[in-house]
Each structure stands twice: as structure tokens, then as C-alpha cells.
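Heavy atoms only: backbone and side chains are in, while hydrogens, waters and symmetry mates are out.
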Amino acid sequence: GAVVSQHPSWVICKSGTSVKIECRSLDFQATTMFWYRQFPKQSLMLMATSNEGSKATYEQGVEKDKFLINHASLTLSTLTVTSAHPEDSSFYICSDAREGEQFFGPGTRLTVL
Amino acid sequence: QQQVKQSPQSLIVQKGGISIINCAYENTAFDYFPWYQQFPGKGPALLIAIRPDVSEKKEGRFTISFNKSAKQFSLHIMDSQPGDSATYFCAAKRPQGSYKLIFGSGTRLLVRP
């Protein structure tokens, strides 16, 4: 069964609003989780590494003030897209790191109108 | 040096045929090479993975062939089925405690009935 869950599975919001996406690691205490963005017909692009109890590490070119990541517990990481714009519309996927591998969540489809 | 090059971009195979997807890398520090399968609107799922100390790994109809000297690895899907139609991503991971994956660009496989 699934080892990583995401909520919501899809969300539609108006431009300028903020959206929070939750990523839960099931049956595992994940000190490290990852957030990816995937545009249609493209590969996964790593946005940031979420570290439990400390600041996230962002990849080059990813605005940390726009994509707020919080990893307050060993089973939950959240990604908040602040002041969302249509160009932020994408498929957001999280993963956790366990036993040398990454396990991915089912993804969240964000559409910004 | 951080890239993983994947080919072909798309592949059409008849049911029962063999699907072959290739990946090449430059960084010899990579020590783990997973393949992921992704269906539309879903997160990637780990399919099979290999470490560079072996040349081949087989799990059911899926086989990874690894050529360390050529810095290439490939996924073979034997007896391809319409249910295998999905996008496949190869990836590579650096050692030393990092879980970060470098993804290939993906291959869209269509298996015709």
C-alpha cells in the first residue's frame, strides 16, 4: 500500500491566494522529505529538501519566500505556495527518504486561475 | 556531470514485445540507479533499482542491465502489456548519505494491444 500520502489531491485557487499542500509519511519517521514540481510531459524537478526540525534546503532558482516548507514533525511536511499565480499551476509531488530510497506521494494538482 | 540522459523520448511497442529504455550518466560517484514508473495524474512508483557492483538485476518481467565502464544502464520490459503503458524515469543517486536523485527526462511508453 501507499507509504506517502498527500492532501489535497487537487486544488483550484484564485491568483494571489496561498495554498497549503500536506505530505505525510505513513508508518515511518522521515527526517528528510523532498518536494518536486512536474509540468506536463516533463520530468520531476526537485524544489527543496525538507528537514525535520530545521530549515528546508532549496534548489537553485526556487524562491524560498514563495514556496514555504515546514517539517514540524517526523511524519508531516507542508508546502505553502504563497501569492499563487497561474504560472505556479503544476503537479506537486513529495517523497520521503527511507532505507536508502525515495517513496513518492500521489501528487497534488494545483490550478491557479 | 549531474545529468542523466534518457532515451528514447517515446516508445511504441506491440503487446508481447520487448521495451527497451536507455540512460547514460557522467558522474562516476553515482551509486544507486532506480527506475520509476508513473501513470498519468499519479506519483512515480519505484519499479526496480540496481547498484553499480552488479551488471544485471531482474524482477519479473523487468530487467536492469548496467554497464559501468560505458556509464550506461537500461530497462528491459519483457512481454510488454498494455498495462505497462506509462512514463518511465531513470534516476541516479550520489552516495555519502544523500538521498537526492537526479532524474532522466522520461520515456512515454505505449504498448498496443
Enumerate, including both backbone and side-chain atoms, all donor-acceptor pairs under 3.5 Å from chain A to chain B.
| from | atom 1 | to | atom 2 | distance (Å) |
| --- | --- | --- | --- | --- |
| A:Gln38 | OE1 | B:Gln38 | NE2 | 2.8 |
| A:Gln38 | NE2 | B:Gln38 | OE1 | 2.9 |
| A:Ser43 | OG | B:Gly104 | O | 2.7 |
| A:Glu59 | OE2 | B:Lys100 | NZ | 2.7 |
| A:Glu101 | OE2 | B:Tyr32 | OH | 3.0 |
| A:Gln102 | O | B:Tyr36 | OH | 3.3 |
| A:Gln102 | NE2 | B:Tyr99 | O | 2.7 |
| A:Pro106 | O | B:Gly43 | N | 3.3 |

With a 4.5 Å cut-off on side-chain heavy-atom distances among I, L, V, M, F, W and Y, is there a chain of contacts connecting [X] to [Y]?
X: A:Met47; Y: A:Leu68; value: no
X: B:Met78; Y: B:Ile20; value: yes
X: A:Met33; Y: A:Ile69; value: no
X: A:Phe67; Y: A:Phe91; value: no
X: A:Leu79; Y: A:Leu76; value: no

Which region of B:Leu101, side chain (C-beta onward) or backbone (N, CA, C, O), has a non-hydrogen atom less than 4.5 Å from a non-hydrogen atom of chain A, or is it both or neither?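 Both backbone and side chain.
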Counting heavy-atom pairs under 4.5 Å with chain A, which one of B:Gly106, B:Pro44, B:Gly43 comes out on top?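 Of the options given, most contacts go to B:Pro44.
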Top contributor to chain B contacts, counting heavy-atom pairs under 4.5 Å, from A:Cys94, A:Pro106, A:Pro40: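 Most heavy-atom pairs under 4.5 Å with chain B: A:Pro106.
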